[in-house]
Amino acid sequence: MGKQKPPKPIDLARKPRGFPDKREGLIHAEQTMIERVTSVYRKWGFEGLDTGAFEFADALGKFLPDQDRPNAGVFALRDDDEQWMSLRYDLTAPLARFAAENWQTLAKPYRRYAAGPVWRNEKPGPGRFREFLQCDADTVGAAGAHADAEMIAMAAEAMRAAGAEDGEFAIRVNTRRLLNAVLEGVGATEETVRLTILRALDKLDKFGTSGVADLLGAGRMDESGDFTKGAGLDAASVKRVLAFAEAGRATRGETIEALGQAVGTGDDAKSGLAELEAISIALAALGTPEADVKFDPSIVRGLEYYTGPVFEAELLKETKDEDGNTVRIGSVGGGGRYDDLVARFTGEKIPATGFSVGISRLAAAFSISGEIDELNGPVVVLNMDRDNPAIALQLATELRQAGIRAEAYMGSSGMRPQMKYADRRRAPAVIMVGTDELEKGVVTIKDLKEGARQAAAIESNQEYREARPGQLEAPRGDMIARVREIVEAEG
RNA sequence: GCAGCCUUAGCUCAGUUGGUUAGAGCGCCGGUUUGUGGAGCCGGAGGUCCUUGGUUCGAAACCAAGAGGCUGUACCA
């Protein structure tokens with residue numbers, strides 16, 4: 001009945017949340033970060049592997065779409081032949097699939113790095129996307145703490161390669177075996193209770209001791225009044241879990257000692273402590289600075305497939321967001337040992353361990369703090385002579401032939417808009433050739449960065465215009481050399 | 001998913017008890033005796049006031065539902 005209004009065209013130009021548009025600056029920051037991290041992986045002897053965006057849903061593991069409704073968490077669709085396919089949610093599951101498929105032909109252990117986008121169908125938020133970049137290294141087919149220690153050492157080196165200095169990051173390490181020992185110690189046999197306890201532990205840094213105590217016991221009320229049911233442990237058990245969670249000490253040796261007190265003498269406790277001990281010794285041999293790696297009993301990580309050591313890379317360095325507020329970036333990567341993942345395909349138990357870096361967060365952190373250079377735009381040749389616009393094309397071509405990024409202004413706007421354009425493009429310089437220059441056989445070159453510096457001291461607009469800061473006139477034959485000086489001086 | 005808050009120009013926001021053609025700042029575009037980016041001067045574009053339905057003589061304003069956003073929380077292989 002009601003008149004159907006056609007949708008306004010601009011209302012169709014909407015971007016789905018969590019799928020970021022990336023412009024020059026961000027692209028450059030992320031590519032730089034991928035290069036830095038993968039160069040560390042390559043240096044340690046890992047080889048590249050790139051797999052497709054989609055995997056068959058059943059190859060991705062527990063997320064089997066049930067009939068019509070693919071599970072939340074992944075993006076899934078049905079192929080022509082009715083098979084469910086899912087966009088990969090990490091780079092580990094495709095690796096497990098690839099390793100299983102090609103196991104016979106691979107040199108074992110298989111050491112592989114990979115970088116690329118992954119997709120998760122979850123609620124996005126600041127710093128949380130539905131499409132984001134990961135950069136992984138994994139060793140498939142190597143049991144034992146040395147392979148884990150190597151991952152941890154490499155994670156620390158990757159953080160340093162990314163730009164983190166002493167004390168600006170920490171790799172925090174724990175092992176599932178100790179967590180199992182604690183669960184056993186408080187008699188948590190029921191799966192839901194075990195998971196609730198682990199999730200509570202994981203939130204120690206977020207909610208603090210009392211918040212975690214609530215989650216371990218009856219439950220916790222958040223500030224919006226929403227209530228989260230707890231694990232229902234009695235007071236003595238809560239105390240025992242907390243004692244474990246807070247056993248972190250200044251050095252790894254002291255932490256192992258404190259954990260020994262908190263965790264008892266069961267099989268899991270003994271093997272877990274031995275695992276940390278072995279990792280610590282290996283790290284010393286690998287030359288990893290002691291302060292880079294801490295043992296932290298509150299590290300839990302994903303609940304699904306980790307079987308031994310788990311670790312997390314945390315950026316401690318403080319950065320500022322666009323509004324100038326201080327932001328703690330927090331976790332920028334993680335990993336661990338997953339001995340059962342490849343076995344899903346092969347039946348044979350194949351040990352594996354790996355580490356994953358969240359590229360976007362790292363790039364954001366180091367881009368904001370100036371660790372990654374901002375890119376200059378092209379040199380812009382202004383279109384001054386409307387009777388003979390081809391001169392701008394010719395000059396731009398000469399610059400490009402000399403290997404300088406350059407473009408001729410496309411259009412016939414006045415000079416002021418053309419200057420504004422060059423400014424907005426972050427051009428290092430503009431070239432001006434009008435009738436004056438043509439007659440004299442020269443070009444006018446304006447160094448925009450130098451001009452801006454000089455302009456800071458100029459008060460009035462009229463003076464600013466007359467001063468023509470940063471500008472020089474050069475013989476036509478010297479254009480390339482002079483422009484090159486300007487471009488190279490500004491990186 | 002659950003809870004709270006929010007939605008007026010590109011952005012940040014005004015908008016009287018419900019009353020004509022809905023405003024500002026910034027930004028944007030163009031010009032400034034066809035030659036100069038920032039802060040000068042002149043001009044300009046840009047809004048079905050998120051959507052739909054209801055109340056009313058009359059709705060940007062009141063009510064309901066929906067959509068979108070923010071924050072917290074849950075989940076996060």
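Remember, predicted model here, so these are calculated numbers, not experimental data. We name chains A, B, ... by the order of the sequence lines, and we start the count at 1 in each one.
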Base, sugar-phosphate, or nothing: which does [X] touch, judged by heavy atoms less than 4.0 Å apart?
X      : value
A/A422 : nothing
A/Q462 : nothing
A/K203 : sugar-phosphate

Take the protein atom [atom1] of [X] and the nucleotide atom [atom2] of [N], then report the distance between them rounded to whole Å.
X      : N     : atom1 : atom2 : value
A/L201 : B/C76 : CG    : C1'   : 17 Å
A/N383 : B/G35 : CG    : P     : 12 Å
A/K15  : B/G69 : NZ    : C1'   : 12 Å
A/R468 : B/G35 : CZ    : P     : 10 Å
A/M415 : B/U33 : CE    : P     : 13 Å
A/K123 : B/C75 : NZ    : P     : 13 Å

For RNA chain B, whose closest nucleotide is more 5', that of A/V433 or that of A/S460?
A/V433

Once you measure the plane-to-plane angle for A/Y421 and A/Y409, does it fall in the parallel (<30°), tilted (30-60°) or perpendicular (>60°) bin?
perpendicular

Parallel, tilted or perpendicular: which describes the rings of A/F46 and A/Y41, with under 30° parallel and over 60° perpendicular?
tilted

Are the charged groups of A/K440 and A/E473 less than 4.0 angstrom apart, N to O?
yes

